[in-house]
Visitor: 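Before I ask anything, let me first share the structure, which is written out below as structure tokens.
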Amino acid sequence: MSTQDTTHQPKDRPKWFGAAVMLAALLLVGLLAWGIRVFLVPSNDEPAADPATAATQTAIAAPSASASAPASATTAPVADGDAAWDCQADLNNDDTSVADSAPAVEEWVAGGYNVIPFSEFGGCEKRPSGLRVGYAHTEAGSLMAAVTYSVALDPSVSEEAAENVEVAIAEGPDRDRLAEKAQRIRDGLEQGTDGSASSSATLVGYVQDFYSDDAASYRLIYELPSVSGGMSKVSVQADVVWEDGDWKLDPASGTELMTSDQYQGQPYVGWGPKS
């Protein structure tokens, strides 16, 4: 029987084997530490964001307060090119022509020297002086404004009426001159009209000379007592323009809001408080 030792002996390993194992273990520990830092610990080494870029990103991410907050109800003019007054949102914006057919009126109400039309087409905002503004951007709205301004717009009667210059008269040198004239009348430096002719007149109809989205012109036919004791008719020229979200009077000149002439018998659309 052989006495040779057959027990398995460890194989001979290279001399660098132990060092390699140690190095691998150190690398593994380092990788684990790096992974924990990247995924669990916020980095403080990122460069600071540019202020302009940060502001832009913030605006995109979060709507501004003015964009998200609901508009509050107010009777002051609003900065909207399509509507000067909040109440105009509830008006009838039907674009039906009034050239041959008069619009419906809910009620003829007191305004200025006479009565004025109040309806779903306009006059929704009542100023402290009593003047009604706020009209639909339509033919009916332009007619309502023209009739109202013909008898109710007079900035010379009071300080409250003077505020109507900016909200009811189109901007321009004529408006400035009219405002100055009204101031002189209020100060007693110039004689104004007493409004008796306007208060005794009755609207009986109108003629539409033209209409566009930006301007309209009407001849308003009024009936009033004549000096002979009978009745006569006058034609009042009233021009309006769409400006700053409402129909405003386009004055005839820097001294007159509108002009009037003797009615010449031309056909007109019958319309008024007695129709």
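In this text, all values refer to a predicted model and were calculated from it rather than measured experimentally.
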Visitor: Roughly how far apart are Ser226 OG and Lys233 NZ, rounded to 0.5 Å?
Guide: 11.5 Å
Visitor: Which heavy atom of Gly122 sits nearest to which heavy atom of Tyr135, and what is that distance?
Guide: CA-CD2, 3.4 Å
Visitor: For the side chain of Gln88 and the backbone of Trp85, is there at least one donor-acceptor N/O pair under 3.5 Å apart?
Guide: yes
Visitor: To the nearest 0.5 Å, tell me how far Leu91 CG sits from Asn93 CG.
Guide: 6.5 Å
Visitor: Can you name the closest pair of heavy atoms from Leu131 and Ala152 and give their distance?
Guide: CD1-O, 3.6 Å
Visitor: Check the side chains of Ser196 and Asp194 for a donor-acceptor pair under 3.5 angstrom, ignoring hydrogens and angles.
Guide: yes
Visitor: Quick one: side chains of residues 163-171, donor-acceptor pairs under 3.5 Å with protein atoms, not counting sequence neighbours, listed by atom name and distance.
Guide:
from   : atom 1 : to     : atom 2 : distance (Å)
Asn164 : ND2    : Ser129 : OG     : 2.7
Asn164 : ND2    : Ala161 : O      : 3.4

Visitor: What pairs of donor and acceptor atoms, side-chain ones from residues 216-225 against any protein atom, are under 3.5 angstrom apart with sequence neighbours left out?
Guide:
from   : atom 1 : to     : atom 2 : distance (Å)
Ser217 : OG     : Gln237 : NE2    : 2.6
Ser217 : OG     : Asp239 : OD1    : 2.6
Tyr218 : OH     : Glu139 : O      : 3.3
Tyr218 : OH     : Ser142 : OG     : 2.7
Tyr218 : OH     : Gln208 : NE2    : 3.3
Arg219 : NE     : Asp209 : OD1    : 2.9
Arg219 : NE     : Asp209 : OD2    : 3.4
Arg219 : NH2    : Asp209 : OD1    : 2.8
Tyr222 : OH     : Ser150 : OG     : 2.7

Visitor: Indicate yes or no for a side-chain donor-acceptor contact from Lys181 to the backbone of Thr255 under 3.5 Å, with no hydrogens or angles considered.
Guide: yes
Visitor: Hey, any chance Val269 and Tyr211 share a hydrophobic cluster, counting ILVMFWY side chains that come within less than 4.5 Å of each other, even indirectly?
Guide: yes
Visitor: Would you say Leu257 and Val234 are hydrophobically clustered, going by side-chain heavy atoms of ILVMFWY under 4.5 Å?
Guide: yes
Visitor: Applying the 4.5 Å side-chain criterion to the ILVMFWY set and letting contacts propagate, would Val204 and Leu143 be lumped into a single cluster?
Guide: no
Visitor: Is the backbone N or O of Gln264 less than 3.5 Å from a side-chain atom of Gln266, with the two atoms forming a donor-acceptor pair by type?
Guide: yes
Visitor: Between Thr259 and Ala252, what is the shortest heavy-atom contact and its length?
Guide: CG2-CB, 3.8 Å
Visitor: Measure the CG-CE distance between Asp250 and Met258 for me, rounded to the nearest 0.5 Å.
Guide: 11.0 Å
Visitor: Can you tell if the side chain of Val105 reaches within under 4.5 Å of the side chain of Phe121, non-hydrogen atoms only?
Guide: no
Visitor: If hydrophobic clusters are built from ILVMFWY residues whose side chains come within less than 4.5 Å, do Val207 and Leu249 share one?
Guide: no
Visitor: I need the minimum non-hydrogen distance between Ala104 and Ser119, along with the two atoms involved.
Guide: O-CB, 3.6 Å
Visitor: Test side-chain contact (heavy atoms from CB on, under 4.5 Å) on Asp90 and Cys124; report intermediate values, then the result.
Guide: CA-CA 9 Å; Asp90 299 323; Cys124 62; over 6 Å; no
Visitor: Give the cluster check for Val236 versus Trp247: same hydrophobic cluster or not, with ILVMFWY residues linked at side-chain heavy-atom distances below 4.5 Å.
Guide: yes
Visitor: Counting only N and O atoms by type, is there a donor-acceptor contact under 3.5 Å from the side chain of His137 to the main-chain atoms of Asp213?
Guide: yes
Visitor: Where is the tightest heavy-atom contact between Gly134 and Asp246, given as atom of each residue plus distance?
Guide: N-OD2, 2.8 Å
Visitor: Does Trp242 use its side chain to pair, donor to acceptor, with the backbone of Ala215 at less than 3.5 Å?
Guide: no
Visitor: Could you tabulate the donor-acceptor pairs under 3.5 Å formed by side-chain atoms of residues 107-118, not counting sequence neighbours?
Guide:
from   : atom 1 : to     : atom 2 : distance (Å)
Tyr113 : OH     : Asp154 : OD2    : 2.6
Asn114 : ND2    : Ser198 : O      : 2.6
Asn114 : ND2    : Ala201 : O      : 2.7

Visitor: How about Met144 and Tyr149: do any of their side-chain heavy atoms sit closer than 4.5 Å?
Guide: no
Visitor: Count the heavy atoms belonging to other residues, nucleotides or ligands that lie under 6.0 Å from CG of Asp100, then report whether that count exceeds 12.
Guide: no
Visitor: Strictly distance-based, threshold 3.5 Å: is any side-chain N or O of Asn92 a donor or acceptor partner for the main-chain N or O of Asp94?
Guide: yes
Visitor: For the residue pair Asp174 and Gly254, what are the closest heavy atoms and their distance?
Guide: OD1-N, 3.3 Å
Visitor: I'd like to check Glu106 versus Glu120 (side-chain heavy atoms, cut-off strictly below 4.5 Å). Are they in contact?
Guide: yes
Visitor: Using the salt bridge (Lys or Arg N to Asp or Glu O under 4.0 Å) rule, take Arg186 and Glu159 through it: C-alpha gap first, then chi angles, then the decisive distance, then the call.
Guide: CA-CA 8 Å; Arg186 293 196 305 273; Glu159 291 299 328; 3.3 Å; yes
